[in-house]
Protein chains: 2
Amino acid sequence: MSFKHDLFSQFARVGKALSNGNRLEILEYLAQTERSVDDLAKVSGLSVANTSQHLQQLRQVGLVTSSKIGLKVYYRIAGDDVVNLLKLLREVSERHLADVNQLVDTYLTVKDELEPVAREVLLERVKQGLVTVIDVRPTEEYMAGHLPGAINIPPDELEQRLKDIDSQQEVVAYCRGPHCVFSFNAVQQLRNAGIQASRLEDGFPEWKSAGLPVELSD
Amino acid sequence: MSFKHDLFSQFARVGKALSNGNRLEILEYLAQTERSVDDLAKVSGLSVANTSQHLQQLRQVGLVTSSKIGLKVYYRIAGDDVVNLLKLLREVSERHLADVNQLVDTYLTVKDELEPVAREVLLERVKQGLVTVIDVRPTEEYMAGHLPGAINIPPDELEQRLKDIDSQQEVVAYCRGPHCVFSFNAVQQLRNAGIQASRLEDGFPEWKSAGLPVELSD
DNA sequence: CTACTATTCAATAGATTAATTGAATAGATA
DNA sequence: TATCTATTCAATTAATCTATTGAATAGTAG
């Protein structure tokens, strides 16, 4: 039964692309916005050659696409289904791998108290002007797309900008994904400042891939 | 940033479990029903020791669970989320890997003509008694769970049982999953016999994990 | 044309993986 | 108790993977 064997081998190629932590990290960066190779090398901390090789592997199985503009080669995620696959991979890991929960519990100690906000609920409250949404990702990622009405406060600017935030209103923070530490820290800081704050359950890529409205900056 | 690194490494462990065709095949068998090690070795064509090692890898990342009953160790899929992950892995592969489409086109030449039936549509028509549903998997898999009202006709029995099928009624066939050849072949045979036949879009595991009703035989 | 930048290519060493083989173990049966 | 069965363990080989290094290539700018 060669067909069955060949077919599973093909599916396994995609699994293999997801079998390395550095590639998964690169995919998370690309889920925020397209980036060039050395841009990705910088944020991931890998060498340029190594980053390039990982990107080529991802491209070979169709998880990312690329195009050359001038000197630079820009890579981007191939589609929303890839974002969904990554989301499900994280969820399955979290549900079935004890080590993941242990890590989350160790590093994100505030997590249990946080009760993340669901996407649909947030959208309604944003429309009614009842909530301030802050995007705690780096500005370049915010610029490439963010939640409607969200204001951008990168992690290192939060402290000095606390005074600009309406302390009477509820604040919801989000960043790259459900395990991105930026939003956990932000919520912690906001609460310490006496502001009612909570975290969005997922990050920007999941919001976007769910087909919810997205705003661009130029 | 050790947390981020460690977390992606954990997710990568699950990816790694999905990075081998034989393991994916084993997971598909387990998605039908729980099975013992040498049972799986037989259906997959792998050696027992090799099968055992693959199963241990799957268990280590929580994709399957096991329990020993008497001499035998029975393995089963850890949850519906694992079935969904496999489904999405297949879909992403099919959408982004040209090789998959080429394989499907080569081996399942009838595919384009088939227009698979959607699950919800089928459920309605089954309730109204408008359609005969046949499960073309091996009997042991059928026994462990099948669509409501489906009759079991394993591939090698179809020819001799063609005369038992009401040729006035529409027939829908399904098997292990969207790429399982049994149902393609069955539809072909049925059509050649002048029966109006089509394929269910997915297989039994996807039906079950979608929360749709399932019937058991004893 | 030359120098520079961003990316890819090619070769390499060390680590990991898959499958095989044969032995070890746990539980059932005679 | 001795034997049989199902599974796991341990050791091995060949193949593959990751990251590093330095060179090659394509495009840009002076």
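This one's a predicted model, so the numbers in the text were calculated from it and none came from an experiment. Letters go in sequence order (proteins before strands), and every chain restarts at 1.
Atom CD1 of Ile26(B) is separated from atom C1' of dT7(D) by 14 Å (rounded to the nearest Å). Rounded to a whole Å, the CG atom of Leu58(B) is 13 Å from the P atom of dT17(C). Nucleotide dT8(C) holds its C1' atom 15 Å from the CG atom of Leu40(A), rounded to whole Å. One atom, CG of Leu46(B), and another, P of dT20(C), lie 8 Å apart when rounded to the nearest Å. For the pair Tyr74(B) OH and dA26(C) C1', the computed distance is 16 Å after rounding to whole Å. For the pair Asn20(B) CG and dA15(D) C1', the computed distance is 13 Å after rounding to whole Å. Look at NZ on Lys42(A): it is 7 Å from P on dA6(C), rounded to the nearest Å. Atom-to-atom, CZ of Arg35(A) to P of dA6(C) comes out at 15 Å; the value is rounded to the nearest Å.
Mapping Asn22(A) and Lys68(A) onto DNA chain D by nearest heavy atom places Asn22(A) closer to the 5' end of the strand. In terms of position along DNA chain C, the nucleotide closest to Leu71(A) lies nearer the 5' end than the nucleotide closest to the other residue of the pair Asn50(B) and Leu71(A). Place Gln56(B) and Ser19(A) on DNA chain D by their nearest nucleotides, and Gln56(B) ends up nearer the 5' end.
Side chain Gln53(B) to base dT7(D): no donor-acceptor pair is found below 3.5 Å.
Contact annotation: His54(B) does not reach the phosphate of dT17(C) (side-chain N/O to OP1 or OP2, under 4.0 Å). Checking the phosphate oxygens (OP1, OP2) of dT8(C), a side-chain nitrogen or oxygen of Tyr75(A) falls inside 4.0 Å. The phosphate of dA19(D) (OP1 or OP2) has no side-chain N or O of Ser47(A) nearer than 4.0 angstrom. Ser52(B) has a side-chain polar atom (N or O) that falls below the 4.0 Å cut-off from OP1 or OP2 of dT8(D). Dashed line: the shortest gap from a side-chain N or O of Arg23(A) to OP1 or OP2 of dT18(D) is under 4.0 Å.
The side chain of Asp38(B) lies closest to dA6(D), out of dT8(D), dA6(D), dT5(C). Of the candidates dT17(C), dT8(D), dT16(D), the closest approach to any side-chain atom of Lys16(B) belongs to dT17(C). The listed nucleotides are dA18(C), dG27(C), dC9(C); the one nearest the side chain of Gln57(B) is dA18(C). Each of dT8(C), dT8(D), dG27(C) was ranked by its minimum atom distance to the side chain of Val48(A); first place goes to dT8(C).
Remark: Arg199(A) is positioned above the aromatic ring of Phe184(A), its terminal NZ or CZ atom under 6.0 angstrom from the ring centre and at most 45 degrees off the axis. Cation-pi geometry between Arg176(A) and Phe204(A) is not met: the NZ or CZ atom fails to fall both under 6.0 Å from the ring centre and inside 45° of the normal.
Counted by atom type alone, Gln56(B) and Arg59(B) present zero donor-acceptor pairs between their side chains at under 3.5 Å. A side-chain donor-acceptor contact under 3.5 Å links His96(B) and Asp81(A).
Ser36(B) comes within 4.0 angstrom of sugar-phosphate atoms only, judged by non-hydrogen atoms across all strands, and of no base.
The six-membered or imidazole ring of Phe8(B) lies away from that of His179(A), with a centre-to-centre distance of 6.0 Å or more.
Here the shortest heavy-atom pairing between Ser209(A) and Asn84(A) reads OG-OD1, 2.9 Å.
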